[in-house]
Amino acid sequence: MNKIFKLFLCCMLMISCANDEENIINGNSDYKFPFDIVITGESNLVNNIPLDVSIHPIISGDIENPNPDYKFKFSLMDAQVNNGGVLLTKDTWLNYEELTDGKLTLIFNSNNNSSAQTLTVTMKNSQGYETSQTKSFGVSNQELDFELSLLDNQLNPFPNNVVPYDQRETTLIKVENLVSTNTITGVKFQTNAILSVNGIPITNSTIIPYESGVFTIKYKPDSYGVQPINVIAIDQQNIELTKGLIADLKYKVFDANFTWGTSSSVATNTSDLLEFYVVGNWNSSPYHFTRTGGRTDKYIKINLQKYDPDETFYLECIRTPNTLLKYYGGSSNGNQNTDPLDTNWQGHYILEEGSNYVILDANFVAQSSTIWGSGTVTFKLVSSNGNEKTKNYNINVYLNGSLN
């Protein structure tokens, strides 16, 4: 009887061991179906903008997995899959501990706005058991857009895009991206006015890295007036967008120099002092001074050089005191005595490019109120471009006579 009981107990233990082995293999364990995968990310992405997608394996079994060495591979059409900056191919198996922070970085390349992209993650254990999970991502293209402005070297905008002459070699063009999710990678400039950008000679096809979006340009010395510029921005998909900008390059301010002389020397002296020496007689009845000497007037030569062919000029004469001197027009190209300058509607003399003459004289009349002494005269040249240049002279008027 004892032998029968021992045999029965042995059989029961063997059955029990078999059941435990079956539970390990086929029961609620991580052995044959070792995991689920949870993929977190976003949908409705923008092309060529990196996206991080997290991979989370979930260990759901109650019994310790005898094969814990998991590997992953990834499949994604029309996109790049990066792991910590390393590009993965669709057949690359990656250990979980090699997955940087448990994340992949996806960059979608599709230019089709309506296409959805599917990421497939496959995971297997050391026994070769595999499972896969997929996630669909909607992909869209954000249209490129940017603004243009002209700045001085202090980053202040030029009103109405008018560039002064002294800023023509350090003019800045600012290309400001209006779509933050679509990165501008480079720009091209198309204009005959630009010699270089940021000091680098360029052609109309030269692509310049976007970087800060501010570019220093240099104009040709003979570029004036309205200058159209086409700016082409390029995004990460090599999509181009062109916008135009009109720069109004101010002409160089006109040049003018003044000389003076007499009727015999015309204009050779550059001194800032003009003296008028008047010879005459003092008469006691009635008391007045009568000039008896020759002409004492001064010929003022104004030599004008302009750069804007459409620029016009006129001359203002300011005398202090006003009664000390008189002045009148000479000629631009004829006889300065007989061919007067034309006047505008304000009565100011109109000047032409080249030599212009005006004549100054002591404001003398045969009366006791004749003024003599010292004063000043200021010539103001005013251009149609809004520029002005002035010349100041000190004036002395001497009366030298004898009493009749």
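As the structure is a prediction and not an experimental result, all values here were calculated from the model. FYI, the numbering just counts along the sequence from 1.
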For [X] and [Y], which heavy atoms make the closest approach, and how far apart are they?
X	Y	value
Ile184	Leu144	CG1-CD1, 3.5 Å
Lys326	Ala362	CE-O, 3.9 Å
Leu273	Trp260	O-CZ2, 3.4 Å

Consider only side-chain N and O atoms of Ser374 and Asn396, and report whether a donor and an acceptor are under 3.5 Å apart.
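Ser374 vs Asn396: no donor-acceptor pair found between side chains.
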Taking the side chain as everything from C-beta on, heavy atoms only, tell me whether Phe189 gets closer than 4.5 Å to Ile208.
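Yes; the side chains approach each other to less than 4.5 Å.
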Any residue meeting salt bridge (charged side-chain N to carboxylate O under 4.0 Å, His left out) with Asp248, in chain and number order, not counting sequence neighbours:
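Asp248 satisfies salt bridge (charged side-chain N to carboxylate O under 4.0 Å, His left out) with no other residue.
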I'd like to know if the side chain of [X] and the backbone of [Y] have a donor-acceptor N/O pair within less than 3.5 Å.
X	Y	value
Asn356	Gly354	yes
Asn385	Asn387	no
Tyr210	Val175	yes

Over 60° means perpendicular and under 30° means parallel, so classify the ring planes of Phe258 and Tyr393, tilted if in between.
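Rings of Tyr393 and Phe258: perpendicular, as their planes differ by over 60°.
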Parallel, tilted or perpendicular, as decided by the 30° and 60° cut-offs, for the rings of Tyr251 and Tyr224
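Rings of Tyr224 and Tyr251: parallel, under 30°.
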Is the shortest distance from a Lys or Arg side-chain nitrogen in Asp308 or Lys250 to a carboxylate oxygen in the other one below 4.0 Å?
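Salt bridge absent between Asp308 and Lys250.
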Enumerate the side-chain hydrogen bond (donor to acceptor under 3.5 Å, both in side chains) contacts for residues 159-174, please, sequence neighbours excluded, ordered by first and then second residue.
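Matches after skipping sequence neighbours: none remain.
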